[in-house]
Amino acid sequence: MELYKENQLKIYNSLSKSKEVFKPVTEGRVGMYVCGPTVYSNVHLGNLRTFMSFDMVFRYLLHLGYKVRYVRNITDAGHLESDAEEGEDKIAKKARLEEIEPMEVVQRYTVDFHTITAKYNFLPPSIEPTATGHIVEQIEMIKEIMDKGLAYEVNGSVYFDVLKYNEEGNNYGILSGRNVEDAIHNTRALDGQSEKKNPQDFALWKKADERHIMRWPSPWGEGFPGWHLECSVMSSKYLGEQIDIHGGGMDLKFPHHECEIAQSHACSGVQPVNYWMHANMLLLNSQKMSKSTGNSILPGEILTGENKVLSKAFGAGVVRFFIMQANYRSILDFSNDGLLASEKGYNRLMEAVSLLDAIQTGGSSSFDVAKWKQECYDAMNDDFNTPIAIAKLFDAVKFINQLKDNKATITESDLTLLKETMNAFVFDILGLVNDAKDEGSNKLDGTVELLIKLRKEARENKDWALSDKIRDELAELGIQLKDGREGTTFTVN
RNA sequence: GACAAGGUGGCUGAAUGGUUUAAGGCGACAGACUGCAACUCUGUUUUUUGUGAGUUCGAAUCUCAUCCUUGUCUCCA
């Protein structure tokens, strides 16, 4: 029997602002859409956290036995600059600065994005559609919205008529809690000579001026699609009119997701998303990340240590563990101290998992493995509460260490259950990787074993100066010797 | 200004009315181990939940006020 039948998953729905029992449209299948990266620069660390949260959601749904179609788009059409660079496309701007083709920029940062997500052990989505690959569908959707009378053309651009949409009994603002009247007051002063009917209307299609490189023909002339349209188009194309889960960063709630709801609802007449999930933001050293103040770091720079923010390089598994120790809906403070603490905890967890293969079984168990297992699932079923799940894993770590010291006992069947559950949660669900695993080569092993042997001889001769020299200099190289009852072992840090 | 998400121990970070005299990780302290350490293990430790009122038999959890942080305010993940 599939695990989802015995686990009642609850998800916090941003739309209702409450935890709801998860019930997919089609039993046993889940359609999930997550707003993907804009590929005109390296993926932002905060963005990576969002994607990592949904990678965990994807993993847990798969673990529960759902057939999941996970769609995460690539925004490669670029968007307008919000500052004085009027009418210029972000990707086109970058391309001009670097004197290369726009699609070259797209390609470079798409590859970078895939490289980074692979390093952080993300599962690839089921479909990764691009905005530029769906221009035809986007034009079709605009036509459909115009046919319903909810969009209008001005000078080669098409805008969504928000006021009319609301007059027909809809609620633009249903997700973000904003009301349309306030929006008028807040934007009127800034938006004097707009060609829009109302300031809160948003663009579905934008006319391209001469300088705009990325452009496509349309019934309204040459132009490019509005930012919000691609997600409506691609989610309905691959997941249908009503999808189960739509995810993204908190910052996308308004206007992006609000506009998505309006566009999709205008076409289909139904609420397009059953469960809206929003991952919270990330701070760096208790402050917002900003390139201009230097308070920023790229995901790749964490792994190499080439940055001014952290004292050393950290493995992808450590970073992932650190992020999973916080709830996806909480603001997370990324810091050197936080990572150092997580690294220790992470190492303890991994050591315990490694120990599982060498455990002796007995006639009884001094730990209720079945109950513990259920508690792990209960944590995940409660809106993917990974911090609690990890706390539970450390209950098992303590037990495993007691087993190693023969201070606890376990039966054969309980050990099998313990191993299965630990591996499922640590590797399949949390997606952690054992950073240290593949670092030691045979040559290194042999060399260190030789030094351990020399040190052992020195110690037998009470030559503490020599034995300490070997120990300390190896430590400086990142090789830590561990003197145990049955001899000396080592780990590579 | 409006809307949204938050403010919990030395740090990180759970718990949304009573089984929590606030989980787990890190740190600190003590013991075991060690030639001494480190590692590891075992045990102990700290806060009364931004501030001020209120509701309740009972509040971190609900209400009100106030301060602070972060995000967003229409083409910026």
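Computed over heavy atoms, backbone and side chain alike; hydrogens, waters and symmetry mates excluded.
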Is the number of heavy atoms from other residues, nucleotides or ligands under 6.0 Å of [X] [atom1] greater than 12?
X	atom1	value
A/Lys253	NZ	yes
A/Gln8	CD	no
A/Gln360	CD	no

Next item on the list: Starting from the 5' end of RNA chain B, give me the residue, A/Met289 or A/Ala391, whose nearest nucleotide shows up first.
Entry: A/Ala391
Next item on the list: Return the 5'-most residue of the pair A/Gly46, A/Ile390 with respect to RNA chain B, ranking by each residue's nearest nucleotide.
Entry: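 By nearest-heavy-atom nucleotide position, the 5'-most residue is A/Ile390.
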Please give, in whole Å, the distance from [N] [atom2] to [X] [atom1]?
X	N	atom1	atom2	answer
A/Glu260	B/rC75	CD	P	17 Å
A/Leu339	B/rC26	CG	P	15 Å
A/Met350	B/rG25	CE	P	16 Å
A/His257	B/rA5	NE2	C1'	15 Å
A/Ile174	B/rA4	CD1	P	14 Å

For [N] versus [M], give the span between their [atom1] atoms, rounded off to a whole number of Å.
N	M	atom1	answer
B/rG27	B/rU34	C1'	23 Å
B/rG1	B/rA59	P	33 Å
B/rU47	B/rG13	C1'	14 Å
B/rC3	B/rU8	P	24 Å
B/rC68	B/rG50	C1'	7 Å
B/rA22	B/rU12	C1'	15 Å
B/rA28	B/rG71	P	34 Å
B/rC11	B/rU55	P	33 Å

Check: Would you say A/Phe54 and A/Met277 make side-chain contact, with heavy atoms under 4.5 Å?
Finding: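 Side-chain contact under 4.5 Å: yes.
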Margin query: Counting the benzene-type ring for Trp, do A/Phe425 and A/Tyr60 have ring centres under 6.0 Å apart?
Written below: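 That pair fails the under 6.0 Å test.
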Below the 4.0 Å mark, does [N] have OP1 or OP2 next to a side-chain nitrogen or oxygen of [X]?
X	N	result
A/Lys344	B/rG27	yes
A/Trp227	B/rA77	yes
A/Lys288	B/rG71	yes
A/Asn401	B/rC41	yes

With heavy atoms under 4.0 Å as the rule, sort [X] into base, sugar-phosphate or nothing.
X	value
A/Lys392	nothing
A/Gly177	sugar-phosphate
A/Tyr172	base
A/Gly248	nothing
A/Phe394	sugar-phosphate
A/Asp251	base

Identify all pairs in which a protein N or O lies below 3.5 Å from an N or O of nucleotides 45-47 of chain B, and state each distance.
none

Next item on the list: Answer with yes or no whether A/Arg348 presents, from its side chain, a donor or acceptor under 3.5 Å of a partner atom in the base of B/rU40.
Entry: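 Not at all, since no donor on one side and acceptor on the other fall under 3.5 Å apart.
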Looking at residues at least two apart in the chain, or sitting in another chain, which of them share a side chain to side chain contact (heavy atoms under 4.5 Å, CB included) with [X]?
X	value
A/Asn171	A/Ile174
A/Ile139	A/Ile135, A/Lys143, A/Trp205, A/Ser218, A/Pro219, A/Trp220
A/Pro129	A/Val71, A/Asn73, A/Ile127, A/His134, A/Met234, A/Tyr238
A/Leu252	A/Cys35, A/Trp227, A/His256, A/His257

Next item on the list: Apply side chain to side chain donor-acceptor pair (under 3.5 Å) to A/Asp55 and list each qualifying residue two or more places apart in sequence or on a separate chain.
Entry: A/Arg59, A/Arg320
Checklist line | Pairing residues for A/Ser41 by the side chain to side chain donor-acceptor pair (under 3.5 Å) criterion, not counting sequence neighbours | finding: none
Notebook entry, point to check: Which letter, B, S or -, goes with each nucleotide of nucleotides 8-15 of chain B from 5' to 3', with contact meaning a protein heavy atom under 4.0 Å?
Noted result: -----SSS
Give the nucleotide from the list [options] with an atom nearest to the side chain of [X].
X	options	value
A/Met281	B/rU72, B/rU42, B/rU70	B/rU70
A/Lys407	B/rC41, B/rU72, B/rU74	B/rC41
A/Gln402	B/rU74, B/rG27, B/rU42	B/rU42
A/Asn47	B/rA77, B/rU74, B/rA4	B/rA77

Notebook entry, point to check: Roughly how far, to the nearest 0.5 Å, is NZ of A/Lys398 from CG of A/Asp395?
Noted result: 8.0 Å
Margin query: Just to verify, what does A/Tyr328 make a ring-ring contact (aromatic ring centres under 6.0 Å, His included) with, not counting sequence neighbours?
Written below: none
Could you tell me whether [X] sits above the aromatic face of [Y], with NZ or CZ closer than 6.0 angstrom to the six-membered ring centre and within 45 degrees of the axis?
X	Y	result
A/Arg72	A/Phe51	yes
A/Lys197	A/Tyr152	yes
A/Arg348	A/Phe394	no

Checklist line | Parallel, tilted or perpendicular: ring planes of A/Tyr120 versus A/Phe122, cut at 30 and 60 degrees | finding: perpendicular
Checklist line | Base-pair map of RNA chain B as dot-bracket, where | denotes pairing with a different strand and pairs are Watson-Crick or G-U under 3.5 Å | finding: (((((((..(((.....[.....)))((((((.......))))))....(((((..]....))))))))))))....
Note to self: Strictly below 4.0 Å, N to O, side chains only: are A/Asp383 and A/Arg329 in salt-bridge contact?
What the structure shows: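 Counted as a salt bridge, because a side-chain N and a carboxylate O are separated by less than 4.0 Å.
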Notebook entry, point to check: Backbone N or O of A/Leu9 within a donor-acceptor pair of the A/Asn381 side chain at under 3.5 Å?
Noted result: no
Margin query: Counting only heavy atoms and a strict 4.0 angstrom limit, can you tell me which residues of residues 150-157 of chain A come near RNA chain B?
Written below: none
Are any protein N/O atoms closer than 3.5 Å to N/O atoms in nucleotides 28-36 of chain B? If there are, list each pair with its distance.
residue	atom	partner	partner atom	Å
B/rG35	N7	A/Arg459	NH2	3.4
B/rG35	O6	A/Ser467	OG	3.3
B/rG35	N1	A/Asp468	OD1	3.0
B/rG35	N2	A/Asp468	OD2	3.3
B/rC36	N3	A/Arg471	NH2	2.4
B/rC36	N4	A/Arg471	NH2	2.6

